[in-house]
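Order of the sequence lines sets the chain letters (A, B, ...), proteins ahead of strands, with each chain counted from 1.
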Amino acid sequence: MSNLYKYIGTPERFRALSYKKASNVLDDLPNDVTEYIQNNTLEDLPGIGESIADKIREYINSGTITKYEQLKKEIPHELLEMMEIKGFGPQSIKKIHTVLNITSKNELMKALQSGTIATIKGFGKKRTEAMLENLNLYQQTEKRMLLRDALAIGESILKKLQKIPEIKNIELAGSLRRRKETIGDIDILISANNRDRKKIIHDFTNSDMVKKILAKGNTKASITLKQNDKQVDVRIINDLEWGSALLYFTGSKEHNIHLRTVAKEKHMKLSEYGLFNQISYVRIAGETEASIYQALGLQSIPPEMREDKGEIKLASEQKIPTLISLKDIKGDLQMHSNWSDGTQTIEEIARFIKNHFNYKYIAITDHSQSSRIANGLTEQQILKQIIEIKAINEKLDEAFIKTGIEVDILANGNLDISDEIMAQLDWVTASIHSGFKRDNTDRIIKACQNPYVSCIGHPTGRLIGERNPYKLDIKSIIETAVSTHTALEINAQPQRMDLKDDYVFLAREKAVKLVISTDSHSIQQLDFMTLGVDLAKRAWCKPSDILNTMTWEEIEKWLKTKKRHLMHEMA
DNA sequence: GCCGTTTTCGGCCCGACTGTTTTCAGTCG
């Protein structure tokens, strides 16, 4: 409906804005919208007032919205889907529709190619050529990069550009700096003297990584990369603007808009060039991000939190938490050895970690028997592995390695390993590796109720860009995790990132204990921990929200509470 | 259509670029 109103244009542009905002809020809703209807709390949601609430209720009850159906009749809604494409704005589409009476995508494409559209007043040759190019680009570059890949690419580009001597300051910005789970394009901010800008742009656009130069001016340039066709945008500014520019180019868009509203209320004006007095235009702040937040009466907000999900209010109350960081992590509680589908021996893994990480403990969690492809362990093998780990620990002269398993949750919710065996292990992660097509809420709840299950592994089972999460009532899972003292995993494998940030956010609010683990299958993957920590930051997690920031003694205590609690209940 | 530690009416982020204008609308980030 927002798009339909955008099409109508000026008289309805604020209505369009309202619908867009409400749509964003609905998109991020933790619970099913019907719950808010039942509790009569729909109108309490930000951006949803009486009118939109009525329409939501109408849609839930009848499956349609009268107003929407009415609008659709007057407006070529098939064309409005093209508004996602660069150069296809609502007013352009409107003009094409009213002048040429075009109503479908196919007609529009034909008219573009034949040059008919270039005959409309306001549409020259250059513009229609750009539209065609953007259309092709849109069709081939829909896929986004995984955070891990984008970070690697971004950092290698930084390394290259840092060799340009005229660059004073350089940093990755955009969604990459906010550590979103997937990244569309890579934004880089540079500060330099005005006279050096041209040379920097020249060096950047002529470097060997460039496949195509999309735009090239005095302060900005865009290219596509040889290695994956992805876009890289570079902006150059001066030192005085560094903070305001970094703030602006880091986003999110919603966070920026909200900040600018705050500035306006305080009779200031915020742009990428700085924070100014609205009347005198005197510069108030801009050199650092912190100076701007401070001048707005706000606490500094970490990039990972900048999604306009309430962080600005929190900052105004000076309640931004100290987020978890990599150095808080005391151990990694899911990894695989060559006993199942991992690459290295247990001893190799343990020695590598002791040399390269500051961990106090690790858990070896090979697969259980029903994971045949992953060479899962039988109960006999698990007992043998316990003996081997004991021996290695003696060699290392400390109880560094904890015994564990990633036990399969079977189709009926039972576990693949008997309670007697699990009782002998230090740490049990239970995961689903089959039956992805059905609702798996019941299986996970049943697993949580087992006193020996410490944690649910990759709870939603998704593989980003490859496999959707299975159906799950996340709210029930979170409730069960709380009531049964079961931890939920933040699996830091780049294509998993499971639980995702929104769900971690919900779990944290309900005080679920979370475990960040790498699920490493080789020692090279142990570094994924940083991705998991970044995800936890996006969910506003403090160290105390994360179980593996605790000492092993504290974790043991926590595990015992669960056993005592559930045994008592069963008795 | 939504919202309110200046407001229940009158606002709704800010600036750059592009293509096409002859002073600006539309689009983008």
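Between B:dT7 and B:dG11, the distance separating the two C1' atoms is 9 Å to the nearest Å. A distance of about 12 Å separates the C1' atoms of B:dG29 and B:dC13, rounded to the whole Å. The gap from the C1' atom of B:dT8 to that of B:dC3 amounts to 9 Å, rounded to the nearest Å. B:dT23 and B:dG19 are spaced 14 Å apart, taking the C1' atom of each and rounding to whole Å. Spacing between B:dC17 and B:dC12 at atom P, rounded to whole Å, works out to 24 Å. Comparing the C1' positions of B:dG26 and B:dT21 gives a spacing of 13 Å, expressed to the nearest Å.
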Taking only N/O atoms, report every protein-nucleotides 21-23 of chain B pair under 3.5 Å with atom names and distance.
none

Each nucleotide N or O in nucleotides 2-12 of chain B that has a protein N or O under 3.5 Å away: list the pair and distance.
unit_1, atom_1, unit_2, atom_2, d
B:dC2, OP1, A:G49, N, 2.6
B:dC2, OP1, A:G49, O, 3.3
B:dC2, OP1, A:I52, N, 3.2
B:dC3, OP1, A:G47, N, 2.7
B:dC12, OP1, A:K264, NZ, 2.4

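Side-chain contact between A:V232 and A:M209: absent, with no pair of heavy atoms (C-beta onward) separated by less than 4.5 Å. The side-chain heavy atoms of A:D187 and A:L172, taken from C-beta on, include no pair separated by under 4.5 Å.
Taking the centre and axis of the six-membered ring of A:Y19, the NZ or CZ atom of A:R15 falls outside the cone set by 45° and 6.0 Å.
Put simply, the residue from A:I186, A:L531, A:I183 that forms a side-chain contact (heavy atoms from CB on, under 4.5 Å) with A:L151 is A:L531. Each of A:T103, A:N3, A:I93 was evaluated against A:L79; a single residue qualifies, A:I93, per the side-chain contact (heavy atoms from CB on, under 4.5 Å) test.
Look at B:dT8: it lacks any Watson-Crick or wobble partner with both distances under 3.5 angstrom.
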Show your reasoning for whether side chain to side chain contact (heavy atoms under 4.5 Å, CB included) applies to A:L499 and A:I474. CA-CA 10 Å; A:L499 293 175; A:I474 190 68; 4.1 Å; yes
Taking protein heavy atoms under 4.0 Å as touching, what does nucleotides 24-29 of chain B look like 5' to 3' if B marks base contact, S marks sugar-phosphate-only contact and - marks none? --SSSB
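Judged purely by distance below 3.5 Å, without hydrogens or angles, the side chains of A:N169 and A:E171 never pair a donor atom with an acceptor atom.
Atom CG of A:L42 is separated from atom P of B:dG1 by 15 Å (rounded to the nearest Å). Rounded to an integer number of Å, the gap from CD of A:Q278 to C1' of B:dC13 is 11 Å. A straight line from OH of A:Y68 to P of B:dG1 spans 16 Å, rounded to a whole angstrom. In this structure, A:D54 atom CG and B:dG1 atom P are separated by 10 Å, rounded to whole Å.
Side chain of A:E78 to backbone of A:K105: a donor-acceptor contact under 3.5 angstrom is found. Side chain of A:R13 to backbone of A:K6: no donor-acceptor contact under 3.5 angstrom is found. When atom types are taken as modelled, the side chain of A:R508 and the backbone of A:K542 share no donor-acceptor pair closer than 3.5 angstrom.
Contact annotation for A:L259: no contact, since no heavy-atom pair falls under 4.0 Å across all strands. If you check every strand for non-hydrogen atoms under 4.0 Å, A:F123 touches sugar and phosphate atoms only.
In terms of position on DNA chain B, the residue among A:N256 and A:K55 whose nearest nucleotide sits closer to the 5' end is A:K55.
The residues A:K220 and A:D233 are annotated as not salt-bridged, no charged nitrogen and carboxylate oxygen being separated by less than 4.0 angstrom. A salt bridge links A:E317 with A:K313: the closest approach of a Lys/Arg side-chain nitrogen to an acidic carboxylate oxygen falls below 4.0 angstrom.
A close approach under 4.0 Å does not occur between any side-chain nitrogen or oxygen of A:K20 and OP1 or OP2 of B:dG1.
Taking syn as a glycosidic angle within 90° of 0, B:dT6 does not qualify and is anti.
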